[in-house]
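Quick note: numbers below take in every heavy atom, side chains included, and nothing from hydrogens, waters or symmetry partners. Here is the naming used below: chain letters follow the sequence lines, and residue numbers restart at 1 for every chain.
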There are 2 protein chains.
Amino acid sequence: MKQYCKFESALDILIGKWKPVILLQLIANGAMRFSELQKAIPGINKKMLTQQLRELEYNDIVHREVYHQIPPKVEYSISEYGQSLGAVLQVMNDWGTAHIDHMNMLYGAEDRSEQE
Amino acid sequence: MKQYCKFESALDILIGKWKPVILLQLIANGAMRFSELQKAIPGINKKMLTQQLRELEYNDIVHREVYHQIPPKVEYSISEYGQSLGAVLQVMNDWGTAHIDHMNMLYGAEDRSEQE
DNA sequence: CTGCATCCGAACCGATACTG
DNA sequence: CAGTATCGGTTCGGATGCAG
């Protein structure tokens, strides 16, 4: 029996190269339009943004407000339910910060993630 | 700049198809041998197990006790530092459980993960 | 028994072009 | 402006076989 599948369900929300960035943007800025997100996240393209957004939307983390008009306008925002993710994000961010510190302690200032 | 990189650092520990399973096994059973883990996790093979284990080891989450003898014996266990992950796991597991419930509420009993 | 190297397939990421 | 479709590259997951 798969006890860990619950775990993976939670993980499933956050995995994906752009999920955390999108969530952080939405949390920080509230509702954002498609183009707003695209501008706020350098290096992303429409396909990726749409894809990740749809997954987030499917999981009821973000809410999509569609304005069927010309010009088309779509706003994305964190849903009520999605805000419960904030605590999880907080814990992970906190641990992640401590972890980076711990890594630096072990291996020095080596940056194993990426460099600007 | 990259505020979310802390986030990804934390995420980096948990992502990977088998990381959660390995961690859960190690937490539940304490120190385990290589073959123990292999038996405890159906569907995994040596390469994957070794790979994930080495990443976990690099991040100082698990400790590898090597017995250079015949027959070779290696025991893996959660390190002191790695136990701090327990809290994160707990939060994610808790949220994941609630999330599954929420998904079922929205989409019925659809199992979007996998079936036994 | 434990771990590594190689190869293969699948999933994911990404850029461009096209539609409403 | 928002989104889809298609194609290609890169990474990741996985099976097998070899070595200490």
Side-chain angles (χ1 to χ4, degrees), chain A residues 2 4-5 7-9 11-23 25-26 29 31-59 62-77 112-114, chain B residues 2 4-5 7-9 11-23 25-26 29 31-59 62-77 112-114:
Chain A
K2 303 172 180 296
Y4 52 87
C5 73
F7 206 85
E8 293 182 341
S9 295
L11 223 44
D12 212 43
I13 312 298
L14 288 330
I15 59 176
K17 187 171 184 179
W18 301 103
K19 295 261 183 67
V21 200
I22 296 175
L23 255 18
Q25 285 293 329
L26 253 26
N29 303 307
M32 297 180 74
R33 299 183 58 174
F34 189 89
S35 50
E36 297 277 5
L37 280 168
Q38 201 171 359
K39 280 181 292 185
I41 305 174
I44 202 174
N45 54 31
K46 298 177 182 178
K47 181 200 168 188
M48 280 296 100
L49 187 51
T50 305
Q51 183 178 301
Q52 307 280 292
L53 241 20
R54 291 195 94 209
E55 290 184 30
L56 257 18
E57 184 193 358
Y58 176 83
N59 288 288
V62 304
H63 174 66
R64 179 169 66 168
E65 189 73 41
V66 185
Y67 299 82
H68 266 291
Q69 59 190 31
I70 304 297
K73 180 171 128 184
V74 181
E75 278 190 343
Y76 293 90
S77 55
R112 55 180 297 276
S113 319
E114 57 198 320
Chain B
K2 301 174 179 297
Y4 51 88
C5 72
F7 206 85
E8 294 181 340
S9 295
L11 222 44
D12 210 44
I13 312 299
L14 288 331
I15 59 178
K17 189 172 183 181
W18 301 103
K19 294 259 184 67
V21 201
I22 295 175
L23 256 17
Q25 286 292 330
L26 251 25
N29 302 307
M32 295 180 74
R33 300 185 57 176
F34 188 89
S35 50
E36 296 278 3
L37 281 167
Q38 201 171 0
K39 280 183 291 184
I41 305 173
I44 203 174
N45 53 32
K46 299 176 185 177
K47 180 200 167 190
M48 282 296 101
L49 188 52
T50 304
Q51 184 178 301
Q52 309 279 292
L53 241 21
R54 292 196 94 211
E55 291 184 29
L56 257 19
E57 183 192 358
Y58 175 84
N59 288 288
V62 302
H63 174 68
R64 179 170 65 169
E65 188 72 43
V66 186
Y67 300 82
H68 266 293
Q69 57 188 35
I70 303 298
K73 178 172 131 184
V74 180
E75 277 189 345
Y76 294 90
S77 55
R112 52 182 297 276
S113 320
E114 53 195 323

Starting at atom [atom1] of [X], determine the distance to atom [atom2] of [N], rounded to an integer number of angstrom.
X	N	atom1	atom2	result
E55(A)	dA11(C)	CD	P	14 Å
Q52(A)	dC12(C)	CD	P	10 Å
I70(A)	dG3(D)	CD1	P	13 Å
Q51(A)	dC12(C)	CD	P	8 Å
L49(A)	dA5(D)	CG	P	16 Å
H68(A)	dA2(D)	NE2	C1'	10 Å
R54(A)	dC12(C)	CZ	P	15 Å
M48(B)	dG17(D)	CE	P	17 Å

Applied to residues 63-75 of chain A, the side chain to side chain donor-acceptor pair (under 3.5 Å) test, sequence neighbours excluded, yields E57(A)-R64(A), H63(A)-E65(A)
Do you know which two heavy atoms are closest between L11(B) and L14(A), and how far apart they sit?
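Nearest heavy atoms, L11(B) then L14(A): CD2-O, 3.6 Å.
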Q) Touch check for Y67(B), heavy atoms < 4.0 angstrom, all strands: base, sugar-phosphate only, or nothing? A)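 The residue Y67(B) makes no contact with any strand.
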Between [options], which nucleotide gets closest to the side-chain atoms of [X]?
X	options	answer
V74(B)	dG3(C), dC13(C), dG3(D)	dG3(C)
P72(B)	dT2(C), dG3(D), dG13(D)	dT2(C)
K47(A)	dA5(D), dG3(D), dG3(C)	dA5(D)

Does I13(B) reach the side chain of K19(B), with side-chain heavy atoms less than 4.5 Å apart?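 I13(B) does not reach K19(B) side chain to side chain.
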### Query
Do M48(B) and N45(B) come within less than 4.5 Å of each other through their side chains, counting heavy atoms only?
yes
Check your understanding: Between R64(B) and dG3(C), is there a side-chain N or O to OP1/OP2 distance below 4.0 Å?
Key -> yes
**OP:** Taking only the side-chain nitrogens and oxygens of W18(A), find out if one of them lies under 4.0 Å from OP1 or OP2 of dG14(C).
**Re:**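 For dG14(C), OP1 or OP2 has a side-chain N or O of W18(A) closer than 4.0 Å.
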Residues from residues 32-46 of chain A lying under 4.0 Å of DNA chain C - heavy atoms: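 Correct list: N45(A).
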